[in-house]
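Starting from 1, each residue takes its place in the sequence as its number.
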Amino acid sequence: SYNKVHDNGKHGIIFSRGCTQNVISHNQVYDNHEHGIMMDRGSDDNTIADNLVYGNGDGVAIFQSSNNTVRNNLLRDNNRGVRINATYDATDVFDVIATANTVIGNTIQNNTQYGVYLYERADRNTIERNIITGSTSSGVYIKTGGNRISANQIRLNGTGVAIVGGAPTPFPPGGPR
């Protein structure tokens, strides 16, 4: 808590491969090349709250991780405010889906691509009570299934909410069983 994390070559803050039950709060995370805050591969049950995150590739990225909460952050002027995905990798022992993540009560504004981006096995996540404005492409862009988008203010984006079907994959929604 209460750190200034900036101008790093890849990540501002990363929790990778099995980091659980942590809290990232009250930080300023900015101008990092790839991700401001990253939950990576099996980093489950974490809370990201009350941070100012700007000028990164992804403000918050959740990759192959579940049950995380992104709450009450200001995520602005990133390429993507929040990105959740789980690109399949059969060779990775940590390969899992990204499910049951909650993005709630955030202000997500002026991102160059998407405010919230869900794709590739990011199923059954909740996007709720956020203010999502000023994203060039879409406020919310979804290429997965079973997600709940509820009670958000989504305005002044290229497209408010885009739900796009993808090419068929060899895996059912939620990944291989």
Side-chain angles (χ1 to χ4, degrees), residues 11-25 34-51 53 56-73 75 78-106 108 111 113-132 135 137-152 154 160-177:
H11 315 289
I13 298 170
I14 182 171
F15 287 7
S16 187
R17 292 174 173 78
C19 298
T20 61
Q21 300 179 351
N22 296 288
V23 176
I24 301 171
S25 66
E34 289 185 17
H35 312 104
I37 300 171
M38 172 85 171
M39 297 291 109
D40 183 49
R41 298 173 197 204
S43 293
D44 302 333
D45 303 303
N46 297 292
T47 300
I48 301 167
D50 303 304
N51 298 286
V53 183
N56 305 285
D58 294 309
V60 173
I62 298 174
F63 179 72
Q64 293 184 351
S65 298
S66 297
N67 301 307
N68 294 292
T69 300
V70 180
R71 178 183 72 231
N72 298 332
N73 299 284
L75 308 168
N78 299 289
N79 191 21
R80 290 164 297 274
V82 177
R83 175 180 60 88
I84 303 174
N85 75 299
T87 306
Y88 180 65
D89 183 352
T91 65
D92 188 345
V93 297
F94 285 97
D95 184 79
V96 294
I97 62 174
T99 190
N101 295 293
T102 301
V103 179
I104 187 167
N106 300 283
I108 303 169
N111 294 288
Q113 192 175 30
Y114 309 117
V116 178
Y117 183 32
L118 305 178
Y119 71 105
E120 293 187 15
R121 303 189 312 155
D123 299 324
R124 299 178 298 280
N125 296 288
T126 300
I127 311 302
E128 185 173 84
R129 295 193 314 258
N130 300 285
I131 299 170
I132 304 170
S135 294
S137 182
S138 296
V140 178
Y141 189 90
I142 300 172
K143 289 182 75 172
T144 62
N147 296 293
R148 189 176 99 183
I149 312 303
S150 162
N152 298 285
I154 302 170
V161 178
I163 300 172
V164 179
T169 69
F171 310 112
R177 304 269 187 245

> Of all heavy-atom pairs between Val103 and Asn130, which one has the smallest distance, and what is that distance?
Replying inline: O-ND2, 2.9 Å
> Measuring from Asn67:CG to Gln21:CD, what's the distance to the nearest 0.5 Å?
Replying inline: 10.5 Å
> Would you say the side-chain atoms of Asp58 pair up with the backbone N or O of Val60, donor to acceptor, closer than 3.5 Å?
Replying inline: no
> Where do Arg71 and Asn106 come nearest, in terms of heavy atoms and distance?
Replying inline: C-OD1, 3.4 Å
> Which heavy atom of Gly81 sits nearest a heavy atom of Ile108, and at what distance?
Replying inline: CA-CG2, 4.1 Å
>> Donor-acceptor check, side chain of Ser138 to backbone of Gln113, threshold 3.5 angstrom: yes or no?
In response: no
>> For Ala98 versus Ala86, what's the shortest heavy-atom pair and its separation?
In response: N-CB, 3.6 Å
> Out of Asn79, Asn111, Asn78, which one pairs with Asn56 under the side chain to side chain donor-acceptor pair (under 3.5 Å) rule?
Replying inline: Asn78
>> If the condition is side chain to side chain donor-acceptor pair (under 3.5 Å), which residues does Ser16 pass it with, not counting sequence neighbours?
In response: Asp40
> Are any non-hydrogen side-chain atoms of Tyr117 and Val82 less than 4.5 angstrom apart?
Replying inline: no
> Is there a side-chain contact (heavy atoms from CB on, under 4.5 Å) between Ile131 and Asn152 once you walk through the steps?
Replying inline: CA-CA 6 Å; Ile131 299 170; Asn152 298 285; over 6 Å; no
>> Tell me every residue that passes salt bridge (Lys or Arg N to Asp or Glu O under 4.0 Å) with Glu128, counting only those two or more places apart in sequence or in another chain.
In response: Arg148
> Is the closest side-chain heavy-atom distance between Ile142 and Ile149 below 4.5 Å?
Replying inline: yes
>> Nearest 0.5 angstrom please: Asn73 CG to Ile24 CD1, how far?
In response: 9.5 Å
> What do the steps show when you test Thr144 against Asn147 for side chain to side chain donor-acceptor pair (under 3.5 Å), and what is the final call?
Replying inline: CA-CA 8 Å; Thr144 62; Asn147 296 293; 2.7 Å; yes
>> Measuring from atom CG of Asn51 to atom CG of Leu75, what distance do you get when rounded to the nearest 0.5 angstrom?
In response: 8.0 Å
> What heavy-atom pair brings Gly115 and Ser135 nearest, and what distance separates the two atoms?
Replying inline: N-OG, 3.1 Å
>> Would you compute the distance between atom OG of Ser25 and atom CG of Asn72 and round it to the nearest 0.5 angstrom?
In response: 11.0 Å
> Considering the options Asn125, Asn22, Asn101, Thr102, which one meets the side chain to side chain donor-acceptor pair (under 3.5 Å) requirement together with Asn68?
Replying inline: Asn101
> Rounded to the nearest 0.5 Å, how far apart are OH of Tyr114 and CZ of Arg80?
Replying inline: 8.5 Å
>> Please enumerate all residues that pass side chain to side chain donor-acceptor pair (under 3.5 Å) together with Asp50, with sequence neighbours excluded.
In response: none
> So do Glu120 and Tyr88 actually touch side chain to side chain, heavy atoms under 4.5 Å?
Replying inline: no
>> Once rounded to the nearest 0.5 Å, what's the spacing between atom CG of Asp123 and atom CG of Leu118?
In response: 9.0 Å
> Where is the tightest heavy-atom contact between Phe15 and Ser43, given as atom of each residue plus distance?
Replying inline: O-OG, 3.1 Å
> Taking atom types as modelled and ignoring hydrogens, do the side chains of Asp95 and Gln64 form a donor-acceptor contact shorter than 3.5 angstrom?
Replying inline: yes
>> My understanding is that only residues two or more places apart in sequence, or in another chain, count here; which of them pass salt bridge (Lys or Arg N to Asp or Glu O under 4.0 Å) with Asp44?
In response: none
> Considering residues at least two apart in sequence or located in another chain, which fulfil the salt bridge (Lys or Arg N to Asp or Glu O under 4.0 Å) criterion with Asp45?
Replying inline: none
>> Against Ile14, only a single residue in Glu34, Met38, Met39, His35 fulfils side-chain contact (heavy atoms from CB on, under 4.5 Å); can you say which?
In response: Met38
> Taking only residues two or more places apart in sequence, or in another chain, which ones meet Asn85 in a side chain to side chain donor-acceptor pair (under 3.5 Å)?
Replying inline: Arg83, Thr87, Tyr119
>> Is there a side-chain contact (heavy atoms from CB on, under 4.5 Å) between Val70 and Ile62? Walk through the geometry before answering.
In response: CA-CA 10 Å; Val70 180; Ile62 298 174; 3.9 Å; yes
